[in-house]
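Okay, structure first, notes after.
These values consider heavy atoms only, across backbone and side chains, with no hydrogens, waters or symmetry-generated copies.
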Amino acid sequence: METCSLSFFSSLKPPLSTGGCSSTNNFNPKRALVEVSACSYQKFLHFALDETKRRTHLLHSPLQVLFGCLDNSGIWVCLALDYFKKCAFDFYKDFCSLKQENFNSMMALDGKTKLEMVSFQAPKIRLLRSLSIKENEGMRILDFAVFPEQEFDLPIFCANFFSTPTTNIIVLDLNPLYDVIDRRDYKEKYYRSLMPLGLKYAKLLPWGGKLTSESLRFFSPIVIWTKFTSSKYNRGVLYSAFMDYYKAWLDLMEQATAERHALQISCNREAQHRYLTWRAEKILHESIGRDHCKLTVAHDMLEWWGRPGDPGYRILKKLTGESLSKELVRRFLFNGVDELGTKTFLDYFPEYCCENGTINAKRSIIGKSFESRPWDSSGEFIGSVSGLS
């Protein structure tokens, strides 16, 4: 297969200088002020793709073709999913030789908001994908994630940013594949060396307020969950954090060796499927229970997976329609939920089961919440473990 060369890159501005950004002691706000303009999430994505290409052999994902074949109304164009699944490899090889200008974006139903989707894969990366949303009135959303191949127990890189001209709601993390409270060995393996980085940005980007206990099972001790008013300085800090966190993830990826034992590979696959199942279900299910509630922007963000930081499903549904929004959630944003396993949400999380066998949509907004960071400076969890059951 050929190394990717999307024309998408040509639509972005030239790569930014990133010298010194990986050091946990070298944040330069003056440099950040110059580099980051209001809500310039293209620069975040451009940095991530450029840096990934430097580290590994980045290839087109078949999803780039699948979700590129949409017209402005969100209708499938000349693409049969069954055929695609059977012939995906040959199908996307043929498309790789074509220009990709029309395969990266679509206009929302309102005719004003633009959605851009990109997806790639690499030897250790099952899927690198990004959804960015840009509204004329100033709303900007970035949902960027990198999922490892099942032979690796790497964390999942996660960046979910929501911005308006006045406010920003942010989650940035290396989401653990395994629970870092129950699995001390996993926490030591991946997060012990990253605590100085986390502590640095915990000071620059303070804890954003209440976070439900259900959400914490998928967060690491270095998670950035924050809210701040829009300013060049704050966005500069965020851009620096994004670069540092992503470089840290790529360092872990480069050091990772493939698991050879079938049982451990199976455990990795199930752990990733559990994560995807949680994320996809929390979007699609919880939005139904909140349709008649008065919600703040922060509460809207909670819908994406039961925690702050992401664009709510209702936003996506409004922009693309119910049918396409569900396809985007299950087949693009959380691709693998239908392929990596067969267990259901209630198989993984039986505590959400109602007496009639349905999912309790209110559970994630009931119970213990954490108003301050529940990890100490060494990464030890200092909240109530019982609150996570």
Side-chain angles (χ1 to χ4, degrees), residues 124-127 145-159 171-199 202 211-225 245 248-282 305-307 309 334 336-337 340-341 343-352 364 367-368 370 373-389:
K124 296 181 182 180
I125 296 174
R126 181 180 69 83
L127 178 64
V146 188
F147 302 94
E149 289 282 11
Q150 61 192 11
E151 289 81 10
F152 303 90
D153 66 355
L154 287 163
I156 297 166
F157 185 86
C158 171
V171 168
L172 177 65
D173 194 22
L174 278 63
N175 293 156
L177 196 63
Y178 295 99
D179 192 325
V180 292
I181 298 175
D182 295 335
R183 289 281 304 273
R184 178 173 289 272
D185 60 326
Y186 187 84
K187 183 179 72 172
E188 291 292 312
K189 179 179 180 180
Y190 286 116
Y191 299 104
R192 182 177 183 179
S193 64
L194 298 180
M195 285 309 301
L197 182 68
L199 291 173
L211 185 68
T212 58
S213 57
E214 273 80 2
S215 307
L216 287 180
R217 70 183 85 194
F218 296 106
F219 283 124
S220 81
I222 66 168
V223 61
I224 296 173
W225 145 230
Y245 271 53
W249 188 89
L250 289 173
D251 289 342
L252 295 178
M253 180 202 71
E254 289 184 319
Q255 299 163 12
T257 57
E259 179 60 57
R260 296 184 178 181
H261 294 90
L263 179 59
Q264 185 57 50
I265 293 174
S266 177
C267 289
N268 293 344
R269 180 171 60 250
E270 181 170 294
Q272 191 171 149
H273 185 253
R274 179 175 181 267
Y275 172 94
L276 293 167
T277 300
W278 169 273
R279 299 279 318 257
E281 185 63 39
K282 297 299 279 186
W305 68 305
R307 51 92 169 159
F334 307 118
V337 70
L340 295 183
K343 287 187 177 180
T344 67
F345 182 86
L346 291 178
D347 289 333
Y348 288 123
F349 311 103
E351 65 272 22
Y352 281 82
S364 68
K368 186 174 180 59
F370 297 90
R373 179 174 289 275
W375 292 278
D376 65 18
S377 59
S378 62
E380 292 296 316
F381 185 71
I382 55 177
S384 171
V385 176
S386 62
L388 302 179
S389 61

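- Closest approach of Ser220 and Pro176 over heavy atoms only: N-CD, 3.6 Å.
- Note: Ile222 CD1 to Leu197 CG = 6.0 Å, rounded to the nearest 0.5 Å.
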Checklist entry - Taking it one step at a time, do Tyr191 and Leu174 satisfy side-chain contact (heavy atoms from CB on, under 4.5 Å)? => result CA-CA 9 Å; Tyr191 299 104; Leu174 278 63; 4.1 Å; yes

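- Put simply, the side chain of Gln272 never gets that close to the backbone of Gln150: no donor and acceptor are under 3.5 Å apart.
- Nearest heavy-atom pair across Arg279 and Cys158 is NH1-SG, 4.1 Å.
- Each salt bridge (charged side-chain N to carboxylate O under 4.0 Å, His left out) pair with one or both residues in residues 253-271, not counting sequence neighbours, appears once here: Arg55-Glu254, Glu270-Lys343.
- By the 4.5 Å heavy-atom criterion applied to side chains, Leu250 and Tyr245 are not counted as neighbours.
- None of Leu252, Ile125, Ile156 except one satisfies the side-chain contact (heavy atoms from CB on, under 4.5 Å) rule with Pro148; the exception is Ile156.
- Side chain of Arg373 to backbone of Trp225: no donor-acceptor contact under 3.5 angstrom is found.
- Judged as a ring pair (Phe, Tyr, Trp, His ring centres under 6.0 Å), and not counting sequence neighbours, Phe147 has no contacts.
- Between Tyr186 and Leu177 there is a side-chain heavy-atom pair separated by less than 4.5 Å.
- For the 3.5 Å distance criterion, the side chains of Asn268 and Tyr178 qualify, holding a donor opposite an acceptor.
- Ring-centre distance between Phe349 and Trp278: below the 6.0 Å cut-off.
- In this structure the side chain of Val146 never reaches within 4.5 angstrom of the side chain of Met253, judged on heavy atoms.
- Residues Lys187 and Pro221 approach most closely at CD-CG, 4.1 Å, considering heavy atoms.
- Shown here is Arg192, whose CZ atom has no more than 12 heavy atoms of other residues, nucleotides or ligands within 6.0 Å.
- Applying the side chain to side chain donor-acceptor pair (under 3.5 Å) criterion to Glu151, with sequence neighbours excluded, gives no partner residue.
- Considering Phe345, Tyr348, Phe334 in turn, Tyr348 is the only one that fulfils the ring pair (Phe, Tyr, Trp, His ring centres under 6.0 Å) rule with His273.
- At least one side-chain heavy atom of Trp375 sits under 4.5 Å from a side-chain heavy atom of Val223.
- Pairing each heavy atom of Asp179 with each of Ile181, the nearest pair is OD1-N, 2.8 Å.
- When all heavy atoms of Pro374 and Phe370 are compared, the pair lying nearest together is CB-CD2, 3.8 Å.
- Side-chain contact, Tyr190 with Asp153: a donor N or O sits under 3.5 Å from an acceptor N or O.
- Nearest heavy atoms, Ala256 versus Phe152: CB-CD2, 3.7 Å.
- The backbone N or O of Pro155 lies less than 3.5 Å from a partner atom in the side chain of Trp249, making a donor-acceptor pair.
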